[in-house]
Q: 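Okay, handing you the structure first.
The shown structure was predicted, so the numbers you read here are calculated from the model rather than taken from an experiment.
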Amino acid sequence: AGAALRQLQSCGMLRWLDLGGALERSSDCGPTEPQRDVVGAILRQPFQLEKTLLLVFSICLDSLLFFFVALPLRLLVCCAKCCCAAKLTAVNWFDLARAVTFAACLALLCFIDVPCLYHAISSQSALSLYMIFNLIEVRTCRE
């Protein structure tokens with residue numbers, strides 16, 4: 001029992017029992033370098049997750065601002081060109097196609113039960129991960 005007590009004291013578990021400070025910390029009870037690496041990796045995970053969530057949030061915010069701020073302004077420029085009888089460029093036609101697609105998607109969303117669809121998608125973790133990767137791919141292709 002005395003040897004086990006000394007072993008616990010030397011590892012620091014019962015350090016408070018060593019009032020005189022006579023026991024030295026032995027080298028066999030501390031964490032090894034691979035254990036420190038594993039613990040460090042575990043402690044870094046929340047920060048990596050925050051970076052990913054911040055990236056996904058910024059991609060969604062960028063898309064939202066584009067469709068509700070930039071695209072209407074670009075459509076106004078396109079309409080101004082049409083009124084002035086100026087020829088529309090390929091970018092203007094592309095903006096018109098985006099606006100028509102966006103309007104069609106909004107019209108189709110009126111017929112879909114969105115909460116039911118959300119729960120169906122969120123219950124499939126692989127599909128959610130696939131959607132995040134597609135968001136990242138769409139963002140990089142747009143630039």
Side-chain angles (χ1 to χ4, degrees), residues 3-19 21-143:
L5 183 60
R6 274 193 221 88
Q7 181 68 23
L8 287 174
Q9 282 178 331
S10 67
C11 287
M13 294 182 182
L14 297 176
R15 195 80 160 155
W16 55 274
L17 285 177
D18 185 23
L19 298 177
L23 293 175
E24 295 290 324
R25 186 174 179 90
S26 67
S27 63
D28 62 342
C29 62
T32 62
E33 192 64 33
Q35 289 173 336
R36 284 191 185 121
D37 291 342
V38 169
V39 170
I42 290 172
L43 292 176
R44 283 189 298 271
Q45 287 304 314
F47 299 111
Q48 297 298 326
L49 181 65
E50 280 185 14
K51 289 178 188 175
T52 305
L53 290 176
L54 183 63
L55 174 68
V56 170
F57 175 75
S58 62
I59 289 171
C60 290
L61 183 64
D62 177 56
S63 295
L64 181 83
L65 289 176
F66 175 78
F67 277 105
F68 289 107
V69 177
L71 188 60
L73 292 174
R74 291 173 86 164
L75 288 175
L76 284 175
V77 170
C78 184
C79 290
K81 280 187 177 183
C82 285
C83 291
C84 296
K87 189 174 181 181
L88 294 178
T89 63
V91 174
N92 297 127
W93 285 108
F94 187 68
D95 288 338
L96 284 173
R98 271 190 194 169
V100 168
T101 305
F102 184 64
C105 288
L106 285 179
L108 287 175
L109 278 177
C110 293
F111 301 110
I112 296 175
D113 186 17
V114 178
C116 183
L117 181 65
Y118 169 77
H119 289 294
I121 291 174
S122 66
S123 66
Q124 301 174 8
S125 60
L127 187 59
S128 298
L129 194 60
Y130 178 72
M131 290 173 62
I132 289 173
F133 286 132
N134 279 340
L135 281 173
I136 293 170
E137 183 181 353
V138 166
R139 174 67 181 157
T140 55
C141 288
R142 226 175 94 192
E143 291 179 349

Q: Search all heavy atoms of Pro72 against all heavy atoms of Val69 and return the closest pair with its distance.
A: CD-O, 3.4 Å

Q: How close do Leu75 and Ala99 get, counting heavy atoms only, and between which atoms?
A: CD1-CB, 3.4 Å

Q: Check the pair Arg74, Phe94 against side-chain contact (heavy atoms from CB on, under 4.5 Å), reporting the backbone distance first and the verdict last.
A: CA-CA 10 Å; Arg74 291 173 86 164; Phe94 187 68; over 6 Å; no

Q: Working to the nearest 0.5 angstrom, can you tell me the gap between Lys51 NZ and Leu53 CG?
A: 12.5 Å

Q: Supply the atom-to-atom distance Cys79 SG to Asp95 CG, rounded to the nearest 0.5 angstrom.
A: 11.0 Å

Q: Could you give the distance from CD1 (Ile59) to CG (Leu64), rounded to the nearest 0.5 Å?
A: 13.5 Å

Q: Specify whether Phe102 and Phe67 have parallel, tilted or perpendicular ring planes, treating 30° as the upper limit for parallel and 60° as the lower limit for perpendicular.
A: parallel

Q: Whether the side chain of Ser63 engages the backbone of Cys60 through a donor-acceptor N/O pair (distance < 3.5 Å, no angle test) should be reported.
A: no

Q: Holding to side chain to side chain contact (heavy atoms under 4.5 Å, CB included), I want the full list of residues that pass it with Phe111, two or more places apart in sequence or in another chain.
A: none

Q: How long is the straight-line distance from CD1 of Ile112 back to SG of Cys105, given to the nearest 0.5 Å?
A: 9.0 Å

Q: Please report the C-alpha distance between Leu96 and Leu88 in whole Å, then the side-chain angles of each, then the deciding distance to 0.1 Å, and finally whether the side-chain contact (heavy atoms from CB on, under 4.5 Å) criterion is met.
A: CA-CA 10 Å; Leu96 284 173; Leu88 294 178; 4.1 Å; yes

